[in-house]
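Model, not experiment: these values are computed from the prediction. These numbers come from the heavy atoms of this one structure, side chains and all, not from hydrogens, waters or symmetry mates.
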Amino acid sequence: LPDENGGTIRFARHLTDIWEIRRELKRTEEFFMEELERTRKQLAHKEELAYKDSLTGIPNGRAFEEDMKNLLVGYKKRNMVMAMIDIDDFKDFNDIYGHEVGDAVLKQFSRLIQENLHRKGDSLYRIWWDEFIVLLESDDFDGVVKKLNTLRHNIFETPVVIKDKTIPLRIGSSWGI
C-alpha cells in the first residue's frame, strides 16, 4: 500500500469492517492506476526519444527504417522520391569553428529543409552526423528535382546564424536523388 512519503508498505492487519476493506482496496487500486499511468507516460516519452534526433528534433535513422518498412509493405502504392544529402566538409565546421558552430549548422540545415516540406507524405530524417534523407511523395520527378535543387541553392545562400549573430559561412551540400 502507498505510504505518506510516496513509497509502498506492506502490512498485515485484521480488517473486520467491510467499508474499511473497500476503502483500503480503493486506495490500493488508485495507487496502482496512478503508477501505471506514470509508467505509460515515461514509456511513451522514451519511445518518442528513440525515434528523434536529439540535436535537431527531426526523425532519426531508426524512424527512417520504420517508415520505409511501413511504406514497402503498405497496401497503397505511392510514388516517392528519395534524396540522400551530405553536408560538404562538415568536419571542417567542427574542427575550425568549434562544435557550437557545427551544431548550429546542423540545426539550421534541417530547419531550412523542414520549412520547405509542405505535403503530408514528405519527411526529413537525420541518418548520421551530417547525412540526411528526404522522402517526397510525388508523381512529378522533374518537378521534385527542380524543387530540391532550388532548396539546395537557397540553403547555400543562407548564412549561418548562431544566437542571433550571422556568421559568413555557407552550407554546401551534395544531394543524390
Side-chain angles (χ1 to χ4, degrees), residues 1-11 24-88 90-95 97-138 148 151-152 155 158 160-164 171 173-177:
L1 297 174
D3 67 13
E4 298 80 34
N5 300 321
T8 57
I9 56 172
R10 295 260 183 231
F11 64 92
E24 289 296 323
L25 285 173
K26 185 69 174 163
R27 279 188 34 206
T28 302
E29 178 187 23
E30 288 171 357
F31 169 76
F32 284 113
M33 293 306 289
E34 289 171 6
E35 284 296 305
L36 180 60
E37 184 60 28
R38 186 181 60 76
T39 302
R40 283 182 180 154
K41 286 179 181 178
Q42 287 176 340
L43 180 60
H45 178 68
K46 288 179 181 181
E47 285 179 352
E48 182 182 330
L49 291 176
Y51 288 92
K52 284 202 174 188
D53 177 64
S54 61
L55 178 67
T56 62
I58 64 173
N60 61 18
R62 179 179 284 161
F64 172 72
E65 289 175 14
E66 193 70 27
D67 288 353
M68 286 303 294
K69 285 179 199 172
N70 293 334
L71 184 67
L72 294 174
V73 298
Y75 66 92
K76 180 182 172 187
K77 296 292 182 191
R78 299 181 343 202
N79 292 324
M80 302 295 291
V81 176
M82 180 170 68
M84 298 184 75
I85 308 165
D86 182 78
I87 297 176
D88 296 338
F90 178 73
K91 187 175 180 317
D92 292 345
F93 284 110
N94 279 334
D95 291 348
Y97 302 102
H99 289 280
E100 182 180 21
V101 172
D103 288 353
V105 165
L106 292 170
K107 289 176 186 178
Q108 180 171 315
F109 187 79
S110 61
R111 180 183 50 78
L112 290 170
I113 293 175
Q114 279 186 300
E115 288 173 355
N116 286 277
L117 301 180
H118 303 293
R119 292 175 300 205
K120 184 180 178 189
D122 296 348
S123 301
L124 172 65
Y125 307 87
R126 182 175 175 203
I127 302 302
W128 198 240
W129 301 103
D130 63 337
E131 297 166 356
F132 296 80
I133 289 180
V134 175
L135 284 178
L136 300 166
E137 188 172 348
S138 179
L148 291 176
L151 178 57
R152 183 185 57 80
I155 290 171
T158 304
V160 176
V161 177
I162 300 176
K163 297 180 183 176
D164 297 328
I171 305 172
S173 54
S174 301
W175 298 50
I177 301 171

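For the pair Trp175 and Ile85, the tightest heavy-atom approach, listed with the atom from each and the gap, is CZ3-CD1, 3.5 Å. Taking every heavy atom of both residues into account, Phe90 and Asp130 meet most closely at CB-OD2, 3.3 Å. Nearest heavy atom pair, residue Ala50 against residue Asn60, reads O-ND2, 3.0 Å.
For the atom pair Leu36 CG and Met33 CE, the distance stands at 5.5 Å (nearest 0.5 Å). Taking CD1 from Ile133 and OG from Ser123, the interatomic distance works out to 11.0 Å, rounded to the nearest 0.5 Å. With rounding to the nearest 0.5 angstrom, the CD1 atom of Ile58 is 8.5 Å from the CD1 atom of Ile127. To the nearest 0.5 Å, atom CG of residue Leu124 and atom CG of residue Asp53 are 9.5 Å apart. Of the inter-residue distances, the one linking Ile171 atom CD1 with Arg152 atom CZ reads 13.0 Å to the nearest 0.5 angstrom. With rounding to the nearest 0.5 angstrom, the CD atom of Glu37 is 9.0 Å from the OG1 atom of Thr39.
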ask   = Run the salt bridge (charged side-chain N to carboxylate O under 4.0 Å, His left out) check on Arg38 and Glu34 step by step: do they pass?
value = CA-CA 6 Å; Arg38 186 181 60 76; Glu34 289 171 6; over 6 Å; no
ask   = salt bridge (charged side-chain N to carboxylate O under 4.0 Å, His left out) between Glu137 and Lys120: does it pass, once the steps are laid out?
value = CA-CA 8 Å; Glu137 188 172 348; Lys120 184 180 178 189; over 6 Å; no
request  = Start with the C-alpha gap between Ser174 and Asp88, add the side-chain angles, then the distance that decides, and say whether side-chain hydrogen bond (donor to acceptor under 3.5 Å, both in side chains) holds.
outcome  = CA-CA 7 Å; Ser174 301; Asp88 296 338; 2.7 Å; yes
task = Determine, step by step, whether Asp92 and Tyr97 satisfy the side chain to side chain contact (heavy atoms under 4.5 Å, CB included) criterion, reporting the C-alpha distance in whole Å, the side-chain angles of both residues, the deciding distance to 0.1 Å, and the verdict.
result = CA-CA 8 Å; Asp92 292 345; Tyr97 302 102; over 6 Å; no
key: Stepwise side chain to side chain contact (heavy atoms under 4.5 Å, CB included) test for Leu117 and Leu136   = CA-CA 8 Å; Leu117 301 180; Leu136 300 166; 3.5 Å; yes
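Side-chain contact between Asp122 and Val134 is absent, with no heavy-atom pair separated by less than 4.5 Å.
Side-chain polar atoms of Asn79 and Ser138 form no donor-acceptor pair below 3.5 angstrom. Side-chain N/O atoms of Asp67 and Tyr125 include a donor and acceptor closer than 3.5 Å.
In this structure, Glu30 does not pair ionically with Arg27, as no charged nitrogen and carboxylate oxygen lie closer than 4.0 Å. With respect to the salt-bridge test (charged N to carboxylate O, under 4.0 angstrom), the residues Glu131 and Arg126 do not qualify. Salt bridge absent: Arg62 and Glu66 never bring a charged side-chain N and a carboxylate O closer than 4.0 Å.
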Please set out all donor-acceptor pairs under 3.5 angstrom arising from side-chain atoms of residues 101-109, sequence neighbours excluded.
unit_1	atom_1	unit_2	atom_2	d
Gln108	OE1	Val161	N	2.9
Gln108	NE2	Pro159	O	2.9

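The environment of NE2 in His45 is sparse: at most 12 heavy-atom neighbours from other residues, nucleotides or ligands sit within 6.0 Å.
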